[in-house]
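This report concerns only the one structure given below.
Every heavy atom of this structure was used, including side-chain atoms; hydrogens, water molecules and symmetry mates were not. Counting starts at 1 for both ligands and their atoms, in listed order.
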Amino acid sequence: MSDEGLSRRQYLTTVGGATVALSVAGCSGNGGGNSQTIVAGTAPGFPPFEMKEGGDLVGFDIDLLEAVVEQTDYSFEGWEEFEFDSLIPALTNDNIDVIAAGMTINDERDETIDFTDPYYSSDQAIVVRGDGSFSPGSLSDLSDRPIGAQKGTTGEGVVQDELIGDEITENQYNAYDSYVLAIQDLENGNVDAVMIDVPVANTFAANRPVEVAFTYETGERFGFGVRTDDDARQTALNEGLSAVQENGTYDELAQKWFGE
Ligand code: ARG
């Protein structure tokens, strides 16, 4: 009796060990269980963080997230593109596992999703046409002017909190699906200023006939977004982030995309 008991325990131990080994192998191979994979979502049109170049998705966030995932046990399965204000629903609906979109960590978003440690800091910039026709130096100089920003962004939040009702009417605010469209409308004269994150403002100013009129300090910090219940990916990405900061990859990518 006791011999049978012992051999049954040994059998279970062996099978248990084999099962674990098989599932680990299955997850690390391609098409493995989705608990060990990462599908990322972004919103291109936010250079140099994410943009389309000749049909390809490129940018600092693209390189950084892929380098960070490389440091983890997760396998990277690719990118999905959304409008910025659809990213949080895409994450909470499980369409994607991580948001990498220059997304500012703030209390409102923190109620719905979680963030990794911050990986970049930014303020807002007020961008105007480069022809010198309008050169505001402060928010009050934007009085009665049509202003643009991207839907669902913190730049839109500044327009709503600081300008609408004070300096401009609701109708003078133009919300765009992408900052590329907002900058185009600025060039066309349909808006007189665009509220946008500083590094993105500098990139547009370097490549298009627009310039930064002044900056508005918000002290924002960008993080990767993860589901609130997904402690495993949050921890893995934070460890990956520290690793790329320590091994020089982060600095190389900052140099590549910002010349910093
Ligand atoms: N940092 C701003 C925010 O979190 C703007 C981000 C826009 N990102 C983008 N990929 N279009 O609201």
Checklist line | Counterpart residues, side chain to side chain donor-acceptor pair (under 3.5 Å), relative to Arg109 (two or more places apart) | finding: none
Next item on the list: Applying side-chain contact (heavy atoms from CB on, under 4.5 Å), run through Glu220 and Asp197 and close with a yes or a no.
Entry: CA-CA 9 Å; Glu220 293 171 63; Asp197 305 60; 4.2 Å; yes
Checklist line | Same apolar cluster: Phe46 and Tyr119, side chain cutoff 4.5 Å | finding: yes
Check: Side-chain donor-acceptor pair under 3.5 Å between Glu77 and Ser75, yes or no?
Finding: yes
Notebook entry, point to check: Applying a heavy-atom distance cut-off of 4.0 Å, which protein residues contact ligand 1?
Noted result: Ala43, Phe46, Glu50, Phe84, Ala101, Gly102, Met103, Thr104, Arg109, Gln150, Thr153, Thr154, Asp197, Phe222
Checklist line | Validation row, ring centre Trp79 to ring centre Phe76 under 6.0 Å | finding: yes
Check: Is the ring centre of Tyr179 less than 6.0 Å from the ring centre of Phe49?
Finding: no
